Amino acid sequence: MKQFIVLFLNSVVLSASSKPHILFLLADDMGWANIGYHRRGAVTADEKQGQLEVQTPAMDSLADEGIILDRHYSYRICGPSRSALLSGRLGAHVLAKNVAVTAQNKEDPVSGFAGIPRNMTGMGAKVKEGGYKTYYVGKWDAGMATPHHTPRGRGFDDSFLYYQHANDYWNKKTGIQATGEITTCLNTFFDLMVENDTYRGPYRGAALTDACKNSEERTPYCYEEKMFEERSLEIIGNHDTSDEEKPLFLFHAFHLLHTPLQIPNYYYKMINQSVVEQGGTEFDSNNRRLLMAMTKYMDDTVKNLTDALKAKGMWDNTLLVFTTDNGGPIYEPGSANNFPLRGGKYSDFEGGVRTNTFISGGFIPKESRGRVHDGVVSISDWYYIFSELAGVEPQDKEAEAANVWLKQQGLETLRPIDGKPGMLQSIFEGSPGPRSNESLFLSSTAILEFPYKLVTGKQPYMAHTGPLFPNCTTVAKFESGYGPDFVDASVLERKVAVSDEAAWRGDCSDGCLFNLEEDPSESHDLSKDPSQQERLARMITTLADFNVTLFVPERGETHLDTCFSMMFNGGGHFGPFVDIEGYYTEAPRTVDDLDEHEKIQMALMTTTTLKSIAGAAQEYGSKFLMKFLEKTADKCCMTQECVSGPSAAPVDLLEAFKQLEKQKHQGAIEEVVI
């Protein structure tokens with residue numbers, strides 16, 4: 001049987017006519033316990049309630065019919081993970097330090113921006129070289145500074161996307177409740193763009209509105225996920241299946257399940273009703289209800305996309321990959337659950353880096369289906385896998401060429417790809433795979449040598465959650481100041497300090513060591529075990545050696561002209577702002593084209609360049625920001641009124657800054673009113 005599968009793989013790689021269609025589905029911030037197949041085997045009352053709440057029948061069925069990748073690892077946060085996926089490098093080798101999407105270091109035209117460095121070849125370009133028709137739909141979060149940083153610049157012929165970590169599902173702007181920050185551009189812009197052969201620029205369709213947010217329809221037209229689903233269905237429907245030399249590569253990147261927790265009323269009501277009808281109790285946590293409604297919406301979308309492939313006659317030659325960019329955020333208001341794993345997004349514990357992943361589709365050999373693969377797989381491996389399937393060389397020659405110039409200039413050189421040959425073959429075979437006898441560099445503070453794992457430094461969200469999380473106890477503790485608070489909040493690119501207690505931060509400064517095979521929930525630290533001292537010392541040395549290879553170029557900061565470029569060239573939307581001549585289809589706007597609100601916003605942006613005003617805004621804005629985030633936190637539905645949508649309305653930073661300035665002069669800044 002093993003010989004058959006090896007021969008099958010080789011024939012697939014060598015035969016252009018056998019290249020599969022590829023549907024890559026990337027969820028955002030999905031918790032380990034937020035998918036149905038991880039809720040099986042429920043025993044306790046809470047576990048059974050959780051099993052009823054997590055409704056993912058389509059994804060569960062696809063996983064059962066395919067192969068579950070039980071040890072698939074990502075980076076601990078989204079930007080580096082997505083950059084790793086799209087560049088074929090480990091997160092630490094492409095984006096070890098996350099910065100604002102608008103950042104620029106003008107001294108480094110290759111790596112002096114957010115996201116993937118300019119001269120790294122993207123995944124889209126690799127499969128396009130192998131004949132694929134390439135499409136990108138959804139969240140990008142891998143850079144946007146130049147046209148080279150966009151999906152089109154990375155090889156996707158057609159894209160419909162947003163660039164930031166998140167935007168509002170209804171109004172498509174990057175408000176505080178979307179990203180947890182007050183930006184240098186004062187959260188002014190829309191974030192929804194289109195790139196194709198005939199148009200590059202801001203989305204101008206009728207759905208650029210939040211007018212449908214109170215609709216009782218199942219899928220209101222202006223809900224962002226509805227827009228993305230319709231675009232992907234259109235792509236599938238229009239694909240020319242008669243041309244076997246040009247198979248489909250569709251990368252569908254969900255906004256779900258990232259904050260803000262927003263969902264059509266239909267799903268908010270339906271999920272609660274469904275749980276009760278099956279014998280469960282009503283949700284006690286409003287955010288948990290919102291997240292489970294969003295999860296059900298995502299599952300329905302997955303079903304619609306796969307049904308479209310089947311109706312088109314493409315499914316029998318399709319490889320579907322489903323994964324998520326990192327573990328679930330357990331802070332407020334992220335509200336994911338990684339039970340029984342420890343930690344969550346922003347931490348190196350399993351809850352932050354071990355991700356729900358499976359493959360499915362008719363391309364998988366029948367003999368390989370219905371299994372759980374236990375070999376270690378990195379999110380960076382898909383670049384190599386898809387290059388092999390496309391029949392192209394995975395090596396990044398563009399990056400190698402750029403390194404000659406970078407060395408001459410004394411700038412940080414680009415790292416080579418980290419993917420491993422033969423990974424898909426090992427997954428089909430059920431063999432341990434090419435990462436079975438080596439260390440996986442998870443981050444600057446963690447490595448995996450399965451079954452052993454080393455975690456170092458101070459780690460946020462160093463906790464275990466129960467099967468029902470968050471809950472009313474979580475809400476009560478948060479309201480009493482015991483967290484879990486969001487650790488990445490910022491004002492004008494300065495982080496807001498969060499106490500160890502509020503961040504659920506623990507200390508592994510001397511190194512915490514775990515045997516994941518015996519202790520998958522990382523409950524028993526072996527670092528003090530006399531029999532493990534040699535292993536501990538060796539892994540600490542290995543991590544130090546890995547850290548020499550960290551990719552940490554100076555990426556710069558946001559400059560005012562970046563904000564102005566997006567106001568004029570981008571039409572009030574996020575988009576490229578460097579070397580953009582000939583990129584945007586529409587002519588730049590002028591000051592005369594701006595409305596009065598936009599003119600005032602530009603004037604306020606200008607004031608943030610003054611050190612005294614910027615310092616005051618960072619000091620007083622931090623209080624404002626944290627108070628606002630508190631208002632978007634969870635509610636206990638046993639004692640408070642629970643509704644669909646965030647509990648705090650979107651805030652206009654124009655009015656907020658006016659208020660802060662007024663309170664500054666009155667000396668009353670301690671009581672920020674929202």
Side-chain angles (χ1 to χ4, degrees), residues 13 75 79-97 99 104-132 134 140 142-157 249 251 378-424 434-435 438-441 444 545-556 576 578-579:
V13 173
Y75 199 78
S81 278
R82 290 164 185 268
S83 295
L85 170 62
L86 290 160
S87 73
R89 278 84 170 172
L90 297 170
H93 288 160
V94 61
L95 188 60
K97 180 183 177 183
V99 296
Q104 180 185 9
N105 170 20
K106 297 181 180 181
E107 301 302 315
D108 187 347
V110 174
S111 305
F113 312 98
I116 303 170
R118 200 171 187 171
N119 291 72
M120 285 186 180
T121 304
M123 175 189 287
K126 282 295 181 184
V127 296
K128 182 178 178 180
E129 181 185 345
Y132 277 85
T134 54
W140 181 244
M144 69 166 198
T146 74
H148 200 161
H149 286 88
T150 72
R152 188 171 180 84
R154 301 298 181 189
F156 292 96
D157 292 320
F249 186 90
F251 196 123
S378 165
I379 196 169
S380 65
D381 288 326
W382 296 107
Y383 183 98
Y384 206 113
I385 289 171
F386 294 154
S387 294
E388 287 183 326
L389 289 176
V392 300
E393 170 59 54
Q395 179 184 0
D396 190 348
K397 295 181 179 179
E398 182 185 358
E400 292 175 357
N403 280 343
V404 175
W405 182 85
L406 288 166
K407 286 179 181 178
Q408 293 173 346
Q409 304 303 312
L411 296 170
E412 186 104 10
T413 55
L414 307 180
R415 305 298 184 259
I417 62 170
D418 289 300
K420 299 292 180 179
M423 181 61 78
L424 186 59
R435 294 192 180 277
E438 62 180 46
S439 301
L440 179 61
F441 188 22
S444 63
D545 291 341
F546 271 131
N547 278 332
V548 175
T549 71
L550 270 179
F551 184 66
V552 284
E554 178 52 55
R555 295 180 182 266
V578 175
D579 296 338

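All figures in this text were calculated on a predicted structure; none of them were measured in a lab.
In this structure the side chain of Pro421 reaches within 4.5 angstrom of the side chain of Glu388, judged on heavy atoms. Val94 is not listed as a side-chain neighbour of Leu86, based on a closest heavy-atom distance of 4.5 Å or more. Contact annotation: the side chain of Ile417 approaches that of Tyr384 to within less than 4.5 Å [non-hydrogen atoms, C-beta and beyond]. Looking only at side-chain heavy atoms (C-beta outward), Ser378 and Leu440 come within less than 4.5 Å of each other.
Between Thr150 atom OG1 and Met144 atom CE the span is 11.0 Å, to the nearest 0.5 Å. Going from atom OG of Ser111 over to atom CG of Asn119 covers 8.0 Å, rounded to the nearest 0.5 Å. In this structure, Leu85 CG and Met123 CE are separated by 4.0 Å, a value rounded to the nearest 0.5 Å. Once rounded to the nearest 0.5 Å, the distance linking CG of Asn105 with CG of Leu411 reads 8.0 Å. For the atom pair OG (Ser83) and CG (Leu90), the distance works out to 12.5 Å, reported to the nearest 0.5 Å. Atom CE of Met423 sits about 6.5 Å away from atom CD1 of Ile385, to the nearest 0.5 Å.
For Trp140, the side-chain hydrogen bond (donor to acceptor under 3.5 Å, both in side chains) criterion is met by no residue, not counting sequence neighbours. By the side chain to side chain contact (heavy atoms under 4.5 Å, CB included) test, Asn547 pairs with Phe441, Ser444, Leu543, Leu550, sequence neighbours left out. Among residues two or more places apart in sequence or in another chain, the ring pair (Phe, Tyr, Trp, His ring centres under 6.0 Å) test is passed with Phe386 by Phe24, Phe249, Trp382. With sequence neighbours excluded, the residues satisfying side chain to side chain contact (heavy atoms under 4.5 Å, CB included) with Glu438 are Lys420, Arg435. The salt bridge (Lys or Arg N to Asp or Glu O under 4.0 Å) check on Asp157 picks up Lys128, with sequence neighbours excluded. Arg154 pairs by the side-chain hydrogen bond (donor to acceptor under 3.5 Å, both in side chains) definition with nothing, not counting sequence neighbours. Applying the salt bridge (Lys or Arg N to Asp or Glu O under 4.0 Å) test to Asp579 and every residue at least two apart in sequence or in another chain returns Arg118. For Glu129, the side chain to side chain contact (heavy atoms under 4.5 Å, CB included) partners at least two apart in sequence or on another chain are Lys126, Val392. Considering only residues two or more places apart in sequence or on other chains, Ala145 meets the side chain to side chain contact (heavy atoms under 4.5 Å, CB included) condition with Phe113, His149, Phe577. By the side-chain hydrogen bond (donor to acceptor under 3.5 Å, both in side chains) test, Arg555 is found to be paired with no residue, residues two or more places apart in sequence or in another chain being considered. Glu393 pairs by the side-chain hydrogen bond (donor to acceptor under 3.5 Å, both in side chains) definition with nothing, not counting sequence neighbours.
Asp418 and Ser380 get closest at one heavy-atom pair: CB-OG, 4.3 Å. Residues Phe546 and Ser439 approach most closely at CE1-CB, 3.6 Å, considering heavy atoms. Scanning all heavy atoms of the two residues, the minimum distance from Met120 to Asp396 falls at CA-OD2, 3.5 Å. Between Ala96 and Val552, the shortest heavy-atom contact is CB-CG1, 3.9 Å.
Checking side-chain atoms of Glu412 against main-chain N and O of Phe551 turns up no donor-acceptor pair under 3.5 Å. A donor-acceptor distance shorter than 3.5 angstrom exists from the side chain of Arg415 to the backbone of Thr413, with no hydrogens or angles considered.
With a 6.0 Å radius and a threshold of 12 heavy atoms from other residues, nucleotides or ligands, Glu107 has its CD atom at or below the threshold.
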Can you give the donor-acceptor pairs under 3.5 Å from side chains of residues 401-409 to other protein atoms, not counting sequence neighbours?
residue: Asn403; atom: OD1; partner: Leu414; partner atom: N; Å: 2.6
residue: Asn403; atom: ND2; partner: Leu414; partner atom: O; Å: 3.1

